[in-house]
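Since this is a predicted model, take the numbers as computed values, not measurements.
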Amino acid sequence: MKNIIIYSFLCALLFFSKQADSQCACCSSIGCGDNSGGGSSLVKKGRLLFNLTARYSSFKPLSNSQLTQDASRDTSFSVYNKSYQLTYTFSLTYGISNRFNLSVTLPYNSISNLQTATPGQPNIDVLGTSRGISNVKTSLQYVLLQRECCNGWEMIPTLGIIAPTGIHNNVARDGSIFDDQFQPGADSWVPVTGVTIDKMFPKVTFRGIYTYVFQYTDKMGNVDASLWNADISAYIPLLKKSKCRTSLNDSNNTTVMTCTPSRFALNYFAGMQVEHVGQDIVANDNGLRTYNANTGALRSYISTGLVANIKQQLFIPVSIAIPVYQHENGYQVDLQWRFNIGLSYLF
C-alpha cells in the first residue's frame with residue numbers, strides 16, 4: 001500500500017495543479033488550487049497550468065534498542081525505521097473547456113536512512129535510501145456546480161487512474177529488495193476519485209478537498225490497502241488591490257461586475273487535514289492471507305502558510321503541517337512535521 005501512499009497523498013494536497021482564471025477576474029485574485037485559496041479550481045479552455053511542488057516530511061526515528069525491542073514483540077513482520085522523506089511532484093493541467101480539465105501528475109520520491117529489525121534477529125540491517133520516479137496519475141475534473149462572478153458554491157468532482165510507471169524494484173544496501181511500502185512506485189493500476197468544494201465570502205474563502213484511492217489485489221492475493229484523505233482550509237487576503245466596479249447592462253437591465261486584478265496578492269491560509277491508510281494483506285505460501293500488522297495509520301494535521309500571486313500567472317504557496325493526532329498500527333515511526341513549497345505558472 002505504501003508503495004502509492006506518497007504519491008496519492010500528494011494528489012490530495014496537491015490539487016496544487018488546478019487553477020484558475022475564474023469567471024470574473026476578482027475571483028481568481030487569491031491563487032490557484034490547493035493551499036492557494038480563492039478563484040475557480042479549473043483552468044480555462046485552451047490554458048495550460050504547470051505545477052511543481054516539493055514536500056519534506058520529517059520523522060522521529062526509533063533508537064536501535066527500541067527498534068530491536070519492537071521487532072522482538074512481533075513474530076511475523078519486520079519493523080522499519082526512517083528519518084525523512086522528500087517528494088517532488090510535477091503536473092500539467094489543460095483546459096479542455098471552461099468546465100472540463102485534464103491533468104497529468106508525476107511524483108519523484110526519496111525515503112532516507114531506512115533500517116529494519118527482523119523478529120528473532122538481534123542485528124539491525126541498514127538498508128539506505130530508496131528513491132526514484134513514482135506512478136503517473138491521469139485525471140479528469142469537471143465543474144458540476146459553478147458559481148457566477150464570485151457568488152455561490154463551486155463543486156468539482158475528479159476521476160483518475162494511477163498507472164504502474166514507477167520504479168518498484170529498488171535494491172537495498174544488503175542486496176535485498178526494498179519492501180513494497182518503500183518502493184517509489186507500484187506495479188498496479190489504481191483508480192482514484194475525489195471532489196473539491198469551495199465557497200467565497202467577502203473576505204474569506206473556504207475550500208474542502210476529499211480524495212479516495214482504491215485498494216489493489218494482485219494475482220497472488222496480496223492487497224495494497226485503500227486510503228483516503230480530507231482537507232478543509234480557510235484563506236484570507238493579506239495584500240490585495242483588485243479594482244472592481246458595477247455597471248448597468250441596458251440591453252437586459254442587469255448589473256454587471258468587472259474587476260481588474262492586482263499585479264501582486266498575498267494570502268494567508270490555515271486548515272486541518274485527516275488521512276487514513278488501511279492495512280496491507282500478505283498472501284502466504286500456505287494459501288492463507290495475513291494483515292501486515294505494521295502498516296496503516298490514522299493521522300490528523302493542522303497547517304498554515306502563505307500564497308503569493310503574481311500577475312495572475314505565477315503562484316508560490318508555502319506551508320507547514322504539524323500532526324495533532326497519530327495512531328499507527330503495530331510498530332511504526334511517528335511523523336514530526338511536513339514542509340511544502342510550490343510553484344505554479346499559468347500559460
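Nearest heavy atoms, Pro107 versus Asn135: CD-O, 3.4 Å. Nearest approach of Pro157 to Tyr142, heavy atoms of both residues: CD-O, 3.0 Å. The minimum heavy-atom distance between Gly296 and Gln332, with the atom names listed, is O-NE2, 3.0 Å. Across every non-hydrogen atom of Thr295 and Gln181, the tightest pair is CG2-NE2, 4.1 Å. Considering all non-hydrogen atoms of both residues, Gly330 and Asn294 come closest at CA-OD1, 3.4 Å. Heavy atoms only, all atoms of each residue included: Asp231 and Gln273 are closest at OD2-NE2, 2.6 Å.
Chaining together hydrophobic side chains whose heavy atoms lie under 4.5 Å apart places Phe77 alongside Val282. Residue Leu159 is found outside any hydrophobic cluster, as its side-chain heavy atoms come under 4.5 Å of no other Ile, Leu, Val, Met, Phe, Trp or Tyr.
By the 6.0 Å and 45° rule, Lys203 does not stack over the aromatic ring of Phe201.
Every pair tested for ring-ring contact (aromatic ring centres under 6.0 Å, His included) that includes a residue from residues 91-125 fails, sequence neighbours excluded, so the list is empty.
The closest donor-acceptor contact from the side chain of Thr158 to the backbone of Leu140 lies under 3.5 Å. Using a distance-only test at 3.5 Å, with no hydrogens or angles considered, a donor-acceptor pair links the side chain of Gln183 to the main chain of Phe178. With hydrogens and angles disregarded, a donor-acceptor distance shorter than 3.5 Å links the side chain of Arg99 to the backbone of Val143. Looking only at distances, a side-chain donor or acceptor of Gln336 sits under 3.5 Å from a matching main-chain atom of Phe59. Checked by atom type and distance alone, the side chain of Asp180 never pairs as donor or acceptor with a backbone atom of Ala186 at under 3.5 Å. The backbone N or O of Leu62 sits less than 3.5 Å from a side-chain atom of Asn81, completing a donor-acceptor pair. With Asn98 contributing its side chain and Lys45 its backbone, the two residues share a donor-acceptor pair below 3.5 Å. The closest donor-acceptor contact from the side chain of Gln313 to the backbone of Leu346 lies under 3.5 Å. Put simply, the side chain of Asn222 gets close to the backbone of Ala283: a donor and an acceptor are under 3.5 Å apart.
Side-chain contact between Arg55 and Thr89 is absent, with no heavy atoms from C-beta onward closer than 4.5 Å. In this structure the side chain of Tyr331 never reaches within 4.5 angstrom of the side chain of Leu67, judged on heavy atoms. Taking the side chain as every heavy atom from C-beta outward, Gln279 and Asn292 never approach each other to under 4.5 Å. Between Gln215 and Ile281, every side-chain heavy-atom pair lies at or beyond the 4.5 Å cut-off. Side chains of Ile302 and Met272 form a contact here, defined as non-hydrogen atoms less than 4.5 Å apart. Between Tyr268 and Thr304 the shortest side-chain heavy-atom distance falls below 4.5 Å. Contact of the Asp224 side chain with the Val190 side chain is not registered, since no non-hydrogen atoms from C-beta on lie closer than 4.5 Å. Contact check for Val43 versus Leu48: no side-chain heavy atoms found under the 4.5 Å cut-off.
The aromatic rings of Tyr212 and Tyr210 sit parallel, their planes meeting at an angle under 30°, below the 60° perpendicular limit. By the 30° and 60° cut-offs, the orientation of the rings of Phe347 relative to Tyr345 is perpendicular.
Applying the ring pair (Phe, Tyr, Trp, His ring centres under 6.0 Å) test to Tyr80 and every residue at least two apart in sequence or in another chain returns Phe182. For the side chain to side chain contact (heavy atoms under 4.5 Å, CB included) test, residues two or more places apart in sequence or in another chain that qualify with Pro323 are Tyr301, Gln326. With sequence neighbours excluded, no residue forms a salt bridge (Lys or Arg N to Asp or Glu O under 4.0 Å) with Asp125.
One finds the CZ atom of Arg47 at 11.5 Å from the CG atom of Asn101 (value rounded to the nearest 0.5 Å). Between Arg299 atom CZ and His276 atom NE2 the span is 11.0 Å, to the nearest 0.5 Å. Taken from CG in Asn169 to OG in Ser130, the straight-line distance is 9.5 Å, to the nearest 0.5 Å. To the nearest 0.5 Å, atoms OG1 (Thr87) and CD (Gln85) are separated by 4.5 Å. One distance of note links CD1 of Ile124 with OG1 of Thr68; it measures 5.5 Å at 0.5 Å rounding. Rounding to the nearest 0.5 Å places CG of Leu114 at 7.5 Å from NZ of Lys82.
Placement of Leu106 and Leu52 within a single hydrophobic cluster is found when ILVMFWY residues are connected by side-chain heavy-atom separations under 4.5 Å, directly or transitively. If you chain together hydrophobic residues whose side chains sit under 4.5 Å apart, Ile167 and Tyr216 never meet in one group.
More than 12 non-hydrogen atoms from other residues, nucleotides or ligands lie less than 6.0 angstrom from CZ of Phe90.
Side-chain atoms of Asn51 and Thr93 form no donor-acceptor pair, as typed in the model, at a separation below 3.5 Å. Defined by atom type and a distance below 3.5 Å, a donor-acceptor pair is missing between the side-chain atoms of Tyr88 and Ser110.
In summary, Arg338 and Glu275 engage in a salt bridge, as defined by a charged side-chain N under 4.0 Å from a carboxylate O.
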